[in-house]
Amino acid sequence: MKNKSLVSITDYTKGEYLSILDTAAEFEKNSYQDLLKGKVVATLFFEPSTRTRLSFESAVNRLGGRVIGFSDANTSSVTKGETLYDTIKVVSNFAELIIMRHPLEGSARYASELSKVPIVNAGDGANQHPTQTLLDLYSIRKTQGTLDNLKICMVGDLKYGRTVHSLLMALSQFGANFYFISPDELKMPKEYKMHLDSLNLHYQESKDINENILDADIIYMTRVQKERFSDPIEYERTKNAYVLKGEMLSGCKNTMRVLHPLPRVNEIDQEVDSGPFAYYFEQTENGVYVRQAIISIILGLK
Amino acid sequence: MKNNILEVSAIKDGTVIDHIPAGNLFKVISILRLEEIKETITFGTNFQSKKLGKKAIIKLSNVFFKDSDINRISLVAPEAKLNIIKDYKVVEKKIVEVPDEIQGIIKCVNPKCITNHEKIITKFSLVDKKKIQLRCHFCEKITDPSLIEKI
Ligand SMILES: [Zn+2]
């Protein structure tokens with residue numbers, strides 16, 4: 001994986017996922033290691049995403065590296081009309097690794113083909129956000145002890161949610177069993193179901209959240225956004241049907257955990273936070289270790 | 001006057017492309033960049049065809065295509081047949097094959113794709129040869145054949 005850009009979750013193999021997760025576990029035990037001392041990493045955020053940027057910058061800082069970059073296209077030369085081509089050609093002279101978030105889909109793949117240094121995709125529009133998927137895998141393995149043959153319940157916006165799509169692609173290599181719970185307008189796209197069919201993996205679809213969570217190992221919640229609905233009345237009718245409440249979780253497996261890519265709006269009731277099943281805040285902590293692992297492996301330091 | 005059309009367009013050496021859907025003749029011309037060719041080109045369209053309804057034919061003198069170039073027309077003329085002519089005789093017959101990868105020619109359907117915002121040569125891989133479904137190398141979205149739009 002040395003010098004190999006991470007653009008899409010499908011760029012890496014199952015074995016490579018696992019070695020990233022193992023390295024992340026080492027960083028969880030000992031997060032502050034001066035592996036990047038004297039090295040410069042660029043964070044180019046062409047659209048703001050404070051949480052993701054801080055997680056990456058924390059990872060670089062814990063490794064003793066320095067960060068240059070911008071957090072918003074308005075503070076960069078992009079507002080003067082500079083192309084992505086020019087920005088990458090220039091910045092790849094300044095840093096040993098570029099972490100990039102961009103609102104246009106395919107921008108990270110394009111950048112990886114222009115850049116002298118590896119690119120880590122921190123989100124390209126609705127397309128890919130592979131470090132999120134790897135931290136999801138890490139959180140799942142840590143809470144379940146394995147990634148093999150788990151029952152994964154995905155809830156909410158399964159149509160536009162790139163995190164659930166990438167997670168499905170990654171988990172499908174480990175023989176998962178999926179429950180898709182969403183309103184009709186936001187069902188899992190056909191291409192992903194065809195992918196599961198081709199691997200003979202089982203999945204079930206439902207509109208009812210209560211029906212299927214009792215034997216789940218993981219409940220993966222997503223935001224149901226108003227702008228995704230063509231009919232605002234339909235949104236009002238469905239928005240509360242996909243809210244996870246404390247009482248719904250009684251009877252779930254003891255080992256079950258609730259994940260969410262965050263930020264949340266109201267889809268997980270705050271009373272769930274203090275219960276035994278909530279894991280979404282730990283999930284963000286895991287993100288730092290996973291990003292430390294990805295950066296140090298790509299730079300050949302681990 | 002007998003065989004008038006044939007005589008006008010018969011070629012000594014070159015290539016005849018037959019079974020082009022009439023509606024896609026001009027797409028084929030532009031995909032093959034025939035406007036840049038200085039040799040004699042004859043084409044006819046709206047011939048009756050049992051298979052295609054109406055078909056078009058292109059005859060090119062002294063022009064021979066590489067397979068990789070001619071296969072690019074498979075997106076708009078998947079049934080096209082080629083006759084290679086040497087000294088007025090058909091010396092070889094070819095069919096077009098849908099390639100595994102297509103560079104340039106078509107535009108990604110995704111308005112949020114980087115290829116629609118910067119000067120980038122598009123690149124697609126074929127995920128389904130029968131239905132001609134193409135996945136964009138950059139944004140990873142599938143472009144459906146009905147939406148294929150030439151750049
Ligand atoms: Zn595209």
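Every chain is numbered from 1, with letters handed out A, B, ... down the list of sequences. All values below were derived from every heavy atom in this structure, side-chain atoms included, with hydrogens, water molecules and symmetry-related copies excluded.
Residue-environment remark: CZ (B:Phe43) stays at or below the threshold of 12 foreign heavy atoms within 6.0 Å. Remark: B:Glu97 CD is loosely packed, at most 12 non-hydrogen atoms of other residues, nucleotides or ligands lying under 6.0 Å away. Around atom NZ of A:Lys226, no more than 12 heavy atoms belonging to other residues, nucleotides or ligands sit under 6.0 Å away. The number of heavy-atom neighbours closer than 6.0 Å to CD1 of B:Ile37, taken from other residues, nucleotides and ligands shown, is above 12. Within a 6.0 Å sphere centred on OH of A:Tyr85, heavy atoms belonging to other residues, nucleotides or ligands number 12 at most. By the 6.0 Å contact criterion, NZ on A:Lys4 is enclosed, its count of non-hydrogen atoms from other residues, nucleotides or ligands being greater than 12. Annotation for A:Leu199: atom CG counts as buried by contact number, over 12 foreign heavy atoms lying within 6.0 Å.
Contact count against chain A (heavy-atom pairs under 4.5 Å) is highest for B:Cys139 among B:Pro111, B:Cys113, B:Cys139, B:Cys136. With respect to chain B, the highest number of heavy-atom pairs below 4.5 Å among A:Ala108, A:Pro103, A:Gly125, A:Ser8 belongs to A:Ser8.
Applying the ring-ring contact (aromatic ring centres under 6.0 Å, His included) rule to pairs touching residues 79-105 of chain B yields nothing, sequence neighbours excluded.
Once rounded to the nearest 0.5 Å, the distance linking CZ of A:Arg109 with CD1 of B:Ile114 reads 13.5 Å. Taking OG1 from A:Thr83 and NE2 from B:His117, the interatomic distance works out to 14.0 Å, rounded to the nearest 0.5 Å. In this structure, NZ on B:Lys141 lies 5.0 Å from CG on A:Asn127, to the nearest 0.5 angstrom. In this structure, the separation between NZ on A:Lys190 and CD1 on B:Ile142 is 11.0 Å, given to the nearest 0.5 Å. Here the straight-line distance linking atom CG of A:Leu104 with atom NZ of B:Lys112 works out to 7.0 Å at 0.5 Å rounding.
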Apply the test side-chain contact (heavy atoms from CB on, under 4.5 Å) to residues B:Asn110 and A:Glu105: give CA-CA distance (whole Å), side-chain angles for both, the deciding distance (0.1 Å), then the verdict.
-> CA-CA 9 Å; B:Asn110 177 8; A:Glu105 290 146 28; 2.6 Å; yes
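Interface residues of residues 110-122 of chain A toward chain B, defined by a heavy-atom distance below 4.5 Å and sorted by number: A:Tyr110, A:Glu113.
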